[in-house]
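Keep in mind that this is a model prediction, so the values were computed, not measured.
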Amino acid sequence: VLASILSLTIYWIIRDRYRVRNLNGKHVFITGCDTGLGNSLAKWLDKKGFCVIAACATEKGSQELQWCSSLSLKTVKLNLADSNSIARAVVFVTEQTAGKGLFGLVSNAEGTAPVGPSDWLRIEDFHSVLDVSLLGLIEITLKLLPLLKKAEGRVVNLINSKGLMAFVGGGYSLSKWGMEAFSDTLRIEMRHFGVKVSIVEHGFFKAEEVNSDIIEKYLFKLWNRLTPEIRDSYGEKYL
C-alpha cells in the first residue's frame, strides 16, 4: 500500500511539472472572450506566447481585448446561435492557423437562462440557452475537429459546476449536463487521433457573482406572462 501511494505521488509530481514547450506558432481558439473567464484566459495565454484567437460576441469586447493584448492575439466575432457566424469563424481560424492545425479549442460560453419553474417556461426559453451553451458549442467543435486532428491538439470545455445541480427549471442545467456527455463521448472517439478532450468544472468567480436583482427581474417577467389559470394554481404565496 505504501509503495502504491509513493508511486502515485511521484506520478502526480512528474505530471504536474510537465509544461508545453515551443509555444511559438501554437494556436488556441477560445470562445466567450468578451468578459470573465474567457477574457482572462485569452490574456494569460497571450502573455505565455500562444497564438490566441479570441471569439467575442460584441465589437466592444473585441476592441477592449485587443487594446490590452499583444499584436499576435486575433479576435473574431462569433454568435454561437447562428450557424453562418460559426462558419465564418471557422474560416477565420483555418486561415490563421495556415495549415498547422489547431493546438487548442477552449469552449466557454453561456446563453441567457430564465430562472423559474419549468411550468412557467416556453420552448423559446430553453432555446435561448441551449442554442448557445450546448448546440452552438457542439457545432463549432465538430467543424474544428479536422484542424484539431491535424495538430493532435486538445479540446477543453469549461463547465460551471453550479449547472450540474438540477434545482431549477430551464435549459441551464440541461446545457451543462449535455456538454459533459458530449465531452466524455468525444474523448473516447478522438483518442485514436491523439486529440485530448478535457472538462474543467469551475465554481463561482468574483466576476460572475449572481445578481439577485436580475434573477428577480426574470422571475417576475415569467410570472406576469402566465395565464390567470396557471397563476391561480400556484398562488401569490408560492411566488
Original post:
Which pairs with one or both residues in residues 137-147 pass side chain to side chain donor-acceptor pair (under 3.5 Å), sequence neighbours excluded?
Top reply: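 Found S83-E139, E139-K143.
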
Residue pair [X] / [Y]: nearest heavy atoms and the distance that separates them:
X	Y	answer
A81	V132	CB-CG2, 4.0 Å
G116	L121	O-CD1, 4.2 Å
P117	Y234	CB-OH, 4.5 Å
S118	G170	OG-N, 4.1 Å

Pairs under 3.5 angstrom only: tabulate donor-acceptor contacts from the side chains of residues 94-106 to other protein residues two or more places apart or in another chain.
| unit_1 | atom_1 | unit_2 | atom_2 | d |
| --- | --- | --- | --- | --- |
| T94 | OG1 | V90 | O | 2.7 |
| T97 | OG1 | V93 | O | 3.0 |
| T97 | OG1 | T94 | O | 3.0 |

Which distance, rounded to the nearest 0.5 Å, do you find between the [atom1] of [X] and the [atom2] of [Y]?
X	Y	atom1	atom2	value
K43	K47	NZ	NZ	8.0 Å
C33	N108	SG	CG	7.0 Å
M165	W177	CE	CH2	10.5 Å
I199	E180	CD1	CD	4.0 Å
K176	I159	NZ	CD1	7.0 Å
S198	N157	OG	CG	9.0 Å

Return a table of donor-acceptor pairs under 3.5 angstrom between the side chains of residues 68-78 and protein atoms on other chains or two or more places apart.
| unit_1 | atom_1 | unit_2 | atom_2 | d |
| --- | --- | --- | --- | --- |
| S69 | OG | L65 | O | 2.7 |
| S70 | OG | D46 | OD1 | 2.6 |
| S70 | OG | D46 | OD2 | 3.2 |
| S70 | OG | S72 | N | 3.4 |
| S70 | OG | S72 | OG | 2.9 |
| S72 | OG | D46 | OD1 | 3.4 |
| K74 | NZ | L71 | O | 3.4 |
| T75 | OG1 | S62 | OG | 2.6 |
| T75 | OG1 | Q66 | NE2 | 3.2 |

Compile the donor-acceptor pairs under 3.5 Å between side chains in residues 220-227 and protein atoms, sequence neighbours left out, one pair per line.
| unit_1 | atom_1 | unit_2 | atom_2 | d |
| --- | --- | --- | --- | --- |
| N224 | ND2 | F220 | O | 3.0 |
| R225 | NH2 | D125 | OD2 | 2.2 |
| T227 | OG1 | I230 | N | 3.3 |

If Ile, Leu, Val, Met, Phe, Trp and Tyr residues are connected whenever their side-chain heavy atoms lie under 4.5 Å apart, and connections chain through other members, are [X] and [Y] in the same group?
X	Y	result
I14	L6	yes
V91	L80	no
L130	L142	yes

Does the side chain of [X] reach to within under 4.5 Å of the side chain of [Y], using non-hydrogen atoms?
X	Y	result
L145	F193	no
N160	H202	yes
I30	L45	yes
M179	F182	yes
F29	I140	yes

**OP:** Report the C-alpha distance between L158 and L37 in whole Å, list the side-chain angles of each, state the deciding distance to 0.1 Å, and finish with yes or no for side chain to side chain contact (heavy atoms under 4.5 Å, CB included).
**Re:** CA-CA 9 Å; L158 306 181; L37 188 55; 3.6 Å; yes

Original post:
Any sub-3.5 Å donor-acceptor pair from N39's side-chain atoms to D34's backbone N or O?
Top reply: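 The answer is yes, because a donor-acceptor pair under 3.5 Å joins these two groups.
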
Original post:
Can you name the side-chain hydrogen bond (donor to acceptor under 3.5 Å, both in side chains) partners of D184, sequence neighbours left out?
Top reply: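 For D184 the side-chain hydrogen bond (donor to acceptor under 3.5 Å, both in side chains) partners, ignoring immediate neighbours, are R187.
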
**OP:** Starting from Y11, walk the hydrophobic network (Ile, Leu, Val, Met, Phe, Trp, Tyr; side-chain heavy atoms closer than 4.5 Å) and list everyone else you reach, by chain and number.
**Re:**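 For the cluster that includes Y11, the remaining residues are L8, W12.
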
